[in-house]
J.: 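Right, I'll just put the structure down here and ask away after.
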Amino acid sequence: MISKILVIEDDNKIVNFMTMALKAKGYSILTAKCGNEGILSFCTENPDIILLDLGLPDMDGVEIIKQVRQVSEIPIIIVSAREQDSDKIAALDAGANDYVTKPFSMGELLARIRVMERLIEREIGHLPETVYKFDYLIVDCDKHRIFVDETEVHLTPIEYKLLLLLIANRGKVVTHSQISKEVWGYGETGDSKSIRVFMASLRRKIEKDSSSPRFILTEIGVGYRFADE
Ligand code: CA
């Protein structure tokens, strides 16, 4: 769900108008008046989506998209007065998800935000069934509860996301870069060392013998595979 929106925009009037309208819809708003402030806010405040102006006093918005995309898949909607196709293409190629041209109606912007919201939900909710049972392991996605031999085990949010990702792709190899992208939201930059650390702690919790795993198998040099049979 999108709840925290970062607005990077140097025009006070537009900032005030957007802030008012978005707050009225229940979103919480962070604002930044220039690119550096925006990047800092993105790094420290963990927003759910970025609304980005392209013409900023200290840098071009496309530069911000590039920097953010090195570390995150957060949705970015461009809100810009530039209406040339070439500007839109440059922003989308750099990794923006959508483009709204000024002057815009708040109704349209809200609808675009909802589209992003649905995309995020679809990604998270790619497990259709509610309760999985594999041998002695029970995963109740609805209640976020995991049982090993009917004893509940507690996973951290990252361990839980890892497990769900593997189950959603059960029988298939999930590569290190897929894992870092899906679980941490990074691109190709994810490091396999931290994945290994989280995978080891997940195994200790759900495997009866983590040195000889029943469920989470290592595909050396490639990734991991959830064995469902
Ligand atoms: Ca501007």
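All values derive from a computational prediction rather than experimental measurement. In listed order, ligands and their atoms are each counted from 1.
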J.: Sub-3.5 Å donor-acceptor pair from the side chain of Asn36 to the main-chain atoms of Asp58, do we have one?
T.: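 Flag not set: sc Asn36 to bb Asp58 has no pair under 3.5 Å.
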
J.: If only atom types and distance count, is the side chain of Glu207 paired as donor or acceptor with the main-chain N or O of Phe215 below 3.5 Å?
T.: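 Checked: pair present.
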
J.: Name whichever N, O or S atom of Asp53 ends up nearest to the Ca ion (ligand 1).
T.: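 This turns out to be OD2.
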
J.: Does a donor on one side chain and an acceptor on the other come within less than 3.5 Å for Thr175 and Gln178?
T.: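 Per modelled atom types, Thr175 and Gln178 side chains form a pair under 3.5 Å.
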
J.: Can you tell me if Gly55 has an N, O or S atom under 3.0 Å away from the Ca ion (ligand 1)?
T.: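 Checking Gly55: at least one N, O or S atom is under 3.0 Å.
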
J.: Please lay out, stage by stage, how Asp60 and Arg82 fare under the test salt bridge (charged side-chain N to carboxylate O under 4.0 Å, His left out).
T.: CA-CA 12 Å; Asp60 194 285; Arg82 297 183 197 165; 3.1 Å; yes

J.: What N, O or S atom of Asp10 is found closest to the Ca ion (ligand 1)?
T.: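 Looking at Asp10, the N, O or S atom with the least distance to the Ca ion (ligand 1) is OD1.
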
